[in-house]
Amino acid sequence: MHQTIRFHPNITWPTEDASRIPFGVFTDQALYDLEQNVIFRGSNWSFVAMEIEIPNVGDYKTTFVGDTPVIVARDTHGKINCVVNRCAHRGSTLCFDQSGNTEDFTCVYHNWRYDLEGNLVSVAFQNGVKQVGGMPADFKRCEHNLTKARVETFAGLVFTTFSDETPPLKEYLGERMAGHMARVFHRPVQILGTYSQTLHSNWKLYMENVKDSYHASLLHTFFTTFKLNRLTMEGGVQIDGGGGHHISWSKRGTDSATGTAYEKAGELRALLDDFSLADPSLIKSWVEYEDGITHAIQSIFPTFVLQQIQNSLAIRVLVPRSVDKSELYWILFGYVDDTPEQRDMRLRQSNLVGPAGLVSMEDGIIGNFIQRGIKRETEKSAVLEMGGRVVEDQQSRVSEAAVRGFWQAYRARMGV
Amino acid sequence: MKKTLVSPEVQLRVEQLQTDYTNCIDDERYAEWPTLFAENCLYKIISRDNHRKKMPFGFLYCDNRRMLRDRIASMANANVFEPHCYRHILSRSEVSHADGVLVAKTGYIVFRIMHDGSHALFSTGTYLDQIIEVEGEFVFKERVVVTDSSSIDALLVIPL
């Protein structure tokens, strides 16, 4: 029934649709290298910074686009630039700090110096010593600038692309995805904490996990174990960007445990069993946005994630390290004008997320479970049929539609 | 802030508390872990980078003993992870009185030993403690775990 399509020497794709994923896509080194060129260096926008990370002239941070090291810097015109973190001379890493403020970037090896836009402005001993030696007369500095990427910002988020063919950022995001980002960044935000976690799995396994609204209450049992489940009134999945972007959202009762029998049980610790929270203040929350949505996970192809889990707001960015290793960077934030009570609730809810997150810690290992399981079964395929075999908006979150969407977008971009 | 040294007896009692703490975790007696803290306490884990920048949010935040107990209850009953345990190695504690509180600073190394026998360095850092006496016992009023690295390998479920 299924037509077999070969798109890569080592991978056989069993179906036209995205309901089967050959496991070899998570283990193949040649495919990983191709992805770096086609996806991360190709016609996609990658998140590299929040504008508030580099507010002043000369501010910079170092990060990655795929596994390409880059510097993101604000120049003397206030414009943000993104360049490959590689000296044009002999290829040395130019900047090895995480962040800072500078007038220029000078390579430690031979002191070649670049301005904040990535233009080569001086070469040590270009004219030799006492006019002896030096670079040839026809050496042109302007031919040896850093590799520059395009930069666009939206809602205070800085994205970059190496391709001239990538459509403008807002067009790439589309109206609904841009609207959701604008909703979160509608007033000034403040970074409250940052960290990362090492995932021993292929980058696509984490992106599948993020887009998989089916697993949430099954793998992550914190809420059910402590009987904190509330009726989900409404929820669904929106898919855009040829399948590559998604929002999984729900509206839950946010009465939390305040003033309920649950809280009283917590106070009467004599009654406490192992399946109640002694301190339910952990899950106190308020309705943050007018639309009443309390939980929303958004992903933008390829590796950007925007999280609203009750009042825990975060950006997550995945950086592939190798075919079976990735680093997930978290930026937790709140609003500058949070009240002390709101900030306290965000702080308590920060326990739910991240590598030590009561709700999310399992995501740190599940990709590795797959990576280990598929080791010698790369000819076999994953099954993605929950919610059908199509890629379209869903009225229920018990669906793998957004995961299929990812693969649809992936195959389209990889030309397969 | 002027620091004053403490008597050998106090030094010894502080270091005994540190030993009790690491033995409690390394011997996997997790249910006892909250009893080493005062009822109103602070236990948080934050990276050295974020601690220096005075970022308010770290990896983990508990501000009373009930939250510590909930962490352990969640680990025992809710969270999914592969069985593993820790081995702590501590430096000696620098102990002083500061503003009327007993303050201790102790370096640590934690190895993580997985159920399949693999083992690796998991975390290094510093315990920044405030210690008080409750009913004749020294307990942590505050324990801020400052991890040298900003990255956690896979996940953190057993407290550091």
Side-chain angles (χ1 to χ4, degrees), chain A residues 98-99 190-201 219-226 266-267 269 272-282 312 314 327-330 332-334 343-344 346-351 353-369, chain B residues 30-31 34 39-84 114 116 118 120 122-123 145-147 149-160:
Chain A
Q98 293 284 310
S99 61
Q190 179 185 348
I191 294 173
L192 300 174
T194 58
Y195 45 69
S196 70
Q197 70 188 112
T198 305
L199 306 176
H200 296 272
S201 58
L219 174 65
H220 307 301
T221 61
F222 176 78
F223 283 121
T224 45
T225 300
F226 291 101
E267 286 164 4
R269 290 207 307 287
L272 196 64
D273 58 26
D274 267 358
F275 304 100
S276 310
L277 285 181
D279 185 355
S281 73
L282 188 68
S312 173
E327 190 79 8
L328 182 64
Y329 290 87
W330 295 73
L332 308 184
F333 62 90
R343 190 56 63 82
D344 184 66
R346 281 198 216 288
L347 174 59
R348 284 165 200 288
Q349 291 177 36
S350 71
N351 282 298
V353 304
L358 293 165
V359 175
S360 71
M361 69 169 73
E362 291 85 8
D363 291 332
I365 191 67
I366 197 67
N368 179 252
F369 284 0
Chain B
Y30 304 120
E39 181 62 48
N40 291 308
C41 60
L42 173 70
Y43 175 76
K44 76 170 179 179
I45 304 177
I46 189 167
S47 71
R48 183 209 290 248
D49 171 79
N50 274 208
H51 187 66
R52 277 187 185 154
K53 290 176 181 163
K54 301 193 190 311
M55 291 281 190
F57 291 15
F59 292 108
L60 185 156
Y61 176 90
C62 297
D63 67 359
N64 61 62
R65 201 197 276 165
R66 287 166 292 136
M67 287 182 83
L68 300 179
R69 177 259 172 216
D70 288 341
R71 272 272 161 191
I72 299 303
S74 180
M75 178 168 78
N77 303 301
N79 294 123
V80 180
F81 55 92
E82 290 180 89
H84 62 282
M114 303 302 295
D116 66 354
S118 62
F122 181 60
S123 181
V145 186
V146 181
T147 61
S149 169
S150 301
S151 177
I152 295 280
D153 188 81
L155 60 83
L156 187 153
V157 61
I158 302 170
L160 285 172

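Protein chains get the first letters and strands the later ones, always in sequence-line order, with residue 1 at the start of each. Note that this is a predicted model, so its numbers are computed, not measured.
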If you define the side chain from C-beta out and look only at heavy atoms, does anything of [X] sit under 4.5 Å from [Y]?
X      : Y      : result
B/D153 : A/H200 : yes
A/Y195 : B/S47  : no
B/M55  : A/I191 : yes

So, the part of B/N50 with a heavy atom under 4.5 Å from chain A: the answer is side chain
Enter the distance from [X]:[atom1] to [Y]:[atom2] here, rounded to the nearest 0.5 Å.
X      : Y      : atom1 : atom2 : result
B/L155 : A/T198 : CG    : OG1   : 11.5 Å
B/F59  : A/L332 : CZ    : CG    : 10.0 Å
B/S150 : A/W330 : OG    : CH2   : 15.0 Å
A/L277 : B/R69  : CG    : CZ    : 7.5 Å
A/N351 : B/F57  : CG    : CZ    : 10.0 Å
B/K53  : A/S99  : NZ    : OG    : 4.5 Å

Quick one: does any side-chain atom of B/N79 pair with a main-chain N or O of A/L358 as donor and acceptor, under 3.5 Å?
yes
Chain B shares the most heavy-atom pairs under 4.5 Å, among A/S360, A/G193, A/G364, A/S196, with A/S196
Greatest number of non-hydrogen atom pairs under 4.5 angstrom with chain B, of A/L192, A/T194, A/N368, falls to A/L192
Looking at [X] and [Y], what are the two nearest heavy atoms and their distance?
X      : Y      : answer
B/A154 : A/P355 : O-CB, 4.2 Å
B/S74  : A/F222 : OG-CD1, 3.3 Å
B/D70  : A/A278 : OD1-N, 2.6 Å
B/S151 : A/E327 : OG-OE2, 2.6 Å

Assert top hit (heavy-atom pairs under 4.5 Å, partner chain A, pool B/M67, B/R71, B/M75) equals B/R71
In terms of heavy-atom pairs under 4.5 Å with chain A, the winner among B/T147, B/L60, B/N77 is B/N77
TODO: Given salt bridge (Lys or Arg N to Asp or Glu O under 4.0 Å), test A/R348 with B/D63 step by step and report yes or no.
DONE: CA-CA 9 Å; A/R348 284 165 200 288; B/D63 67 359; 2.5 Å; yes
Cut-off 4.5 Å, heavy atoms of chain B, and the answer for A/L347 is both
The interface call for A/F369 against chain B, heavy-atom contacts under 4.5 Å, is side chain
Does atom CD (A/Q190) have a neighbourhood of more than 12 heavy atoms from anything else shown, all under 6.0 Å? yes
